[in-house]
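Read the structure below first, then the notes.
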Number of protein chains: 2
Amino acid sequence: MVAMQTHYLKIGQLAARAGISVESLRYYESEGLISANCRSENGYRLYSDESIQKLGFILHAKKIGFSLKEIKRLLGLRLNRDQHTCEEVKDYTGAKIREIEQKIADLVKMKSALVSLHEACCGGNETADNCSILQTLEAPFTFEKIESGDS
Amino acid sequence: MVAMQTHYLKIGQLAARAGISVESLRYYESEGLISANCRSENGYRLYSDESIQKLGFILHAKKIGFSLKEIKRLLGLRLNRDQHTCEEVKDYTGAKIREIEQKIADLVKMKSALVSLHEACCGGNETADNCSILQTLEAPFTFEKIESGDS
DNA sequence: ATAAACCCTGAAGCTTACTATAGGGTCAAG
DNA sequence: CTTGACCCTATAGTAAGCTTCAGGGTTTAT
Ligand SMILES: [Zn+2]
Ligand SMILES: [Zn+2]
Ligand SMILES: [Zn+2]
Ligand SMILES: [Zn+2]
């Protein structure tokens, strides 16, 4: 009924086509993300179009920031679409978006602190004896803990 | 000549003051970042003001995104200020800034891809059979490698 | 027939920054 | 005199996502 499988790919071919390593593919398999549809007589993994599509899904999701663990869950949703709701799926992307926003916010904070430091330094050929970068880093650090309690 | 050391801190005291764990401190030592000025008779690490300041430098640098390895290099610059130039130090922060900018750019790209996905989904109570998120992830992935060369 | 280029498994190693565990010494209070 | 809170060393484990290695089969070209 379904279009017949024209031909299978061996692991090296699939890896080359996907631009990842053979070892990564085997690793994904070991993590339960994707396995070959069948094996050849000599035990070689053989991948069908279905597997290729699944790998596409995985790499797609990876590209937008999902971890392999999360992708495994996504693959579960994908496989049993009828047992899950759009809401569930959307919640998943929503959570990920917030996570990424948090990471961005942290990095932006770091960057601005770094830029202040950077811009204060003359960057000249003189020795760093009075370098403002080193001085600022050295300045009393506000240990964010209680200051009291000397014995 | 120099102001005398009023008293030393034991590792637990320094850790509490800095808001990090004793184990982290010992780890930093094992990585060659900071070591106690001396040891008490029973082998306890004793930290002077100098060490406290150095730890401040470390935590400061950590906060703005330097790795321990990089901090080790920074400590080297700090220690031998007279053998290095402002330029060198400034190059270091410059490189770090570019690194962070790259990370931010990557995350922003991820986020916008995710947001497109997210916004296209209705998020309703129906089953995910036609969920646009899953469909888009499943769509033919452009493997960024040569497409030719069929046997 | 033999070397190159594939494929297999299972286990170990890498990176970063710690945390935990095992086994044991030290010190002050009750 | 023992309990608890410290301190010590050395080693192993954690997370994530691979990579490398050891040891061994298969296929294809020369
Ligand atoms: Zn300068
Ligand atoms: Zn400077
Ligand atoms: Zn929907
Ligand atoms: Zn949906």
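What you see is a predicted model; the values in this text were computed from it and never measured. Below, chains carry the letters A, B, ... as their sequence lines are ordered, and counting in each starts from 1.
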Between [options], spot the one nearest the side chain of [X], thanks.
X     : options               : result
B:Y28 : C:dC18, C:dT16, C:dT9 : C:dC18
B:R45 : D:dC8, C:dC8, C:dT16  : D:dC8
A:S67 : D:dG17, C:dC7, C:dC18 : D:dG17

In whole angstrom, what separates [X]'s [atom1] from [N]'s [atom2]?
X     : N      : atom1 : atom2 : result
B:E41 : C:dT26 : CD    : C1'   : 12 Å
A:R26 : C:dC6  : CZ    : P     : 13 Å
B:I71 : C:dC18 : CD1   : C1'   : 14 Å
B:K62 : C:dT16 : NZ    : P     : 13 Å
B:E70 : C:dA17 : CD    : P     : 8 Å
A:K10 : D:dT27 : NZ    : P     : 8 Å
B:E29 : D:dC7  : CD    : P     : 14 Å
B:N42 : C:dA28 : CG    : P     : 10 Å

Check for a donor-acceptor pair, side chain of [X] on one end and backbone N or O of [Y] on the other, with a separation under 3.5 Å.
X      : Y      : answer
B:Q13  : B:K10  : yes
B:E70  : B:S67  : yes
B:K90  : A:C121 : yes
A:T136 : A:S132 : yes

Contact class for B:S40 vs. all strands (heavy atom < 4.0 Å): base, sugar-phosphate, or nothing?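 Counting heavy atoms under 4.0 Å across all strands, no contact is made by B:S40.
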Flag this pair as yes if the NZ/CZ of A:R78 is under 6.0 angstrom from the six-membered ring centre of A:F57 and inside a 45 degree cone about the axis; otherwise no. yes
If you assign each of B:R39 and A:F66 to its closest nucleotide in DNA chain D, which residue comes earlier from the 5' end? B:R39
Between A:E23 and A:Y44, name the one whose nearest nucleotide on DNA chain D is closer to the 5' end. A:E23
Does B:S21 put a side-chain nitrogen or oxygen below 4.0 Å from OP1 or OP2 of C:dT19?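 Checking C:dT19 against B:S21, a side-chain N or O does come within under 4.0 Å of OP1 or OP2.
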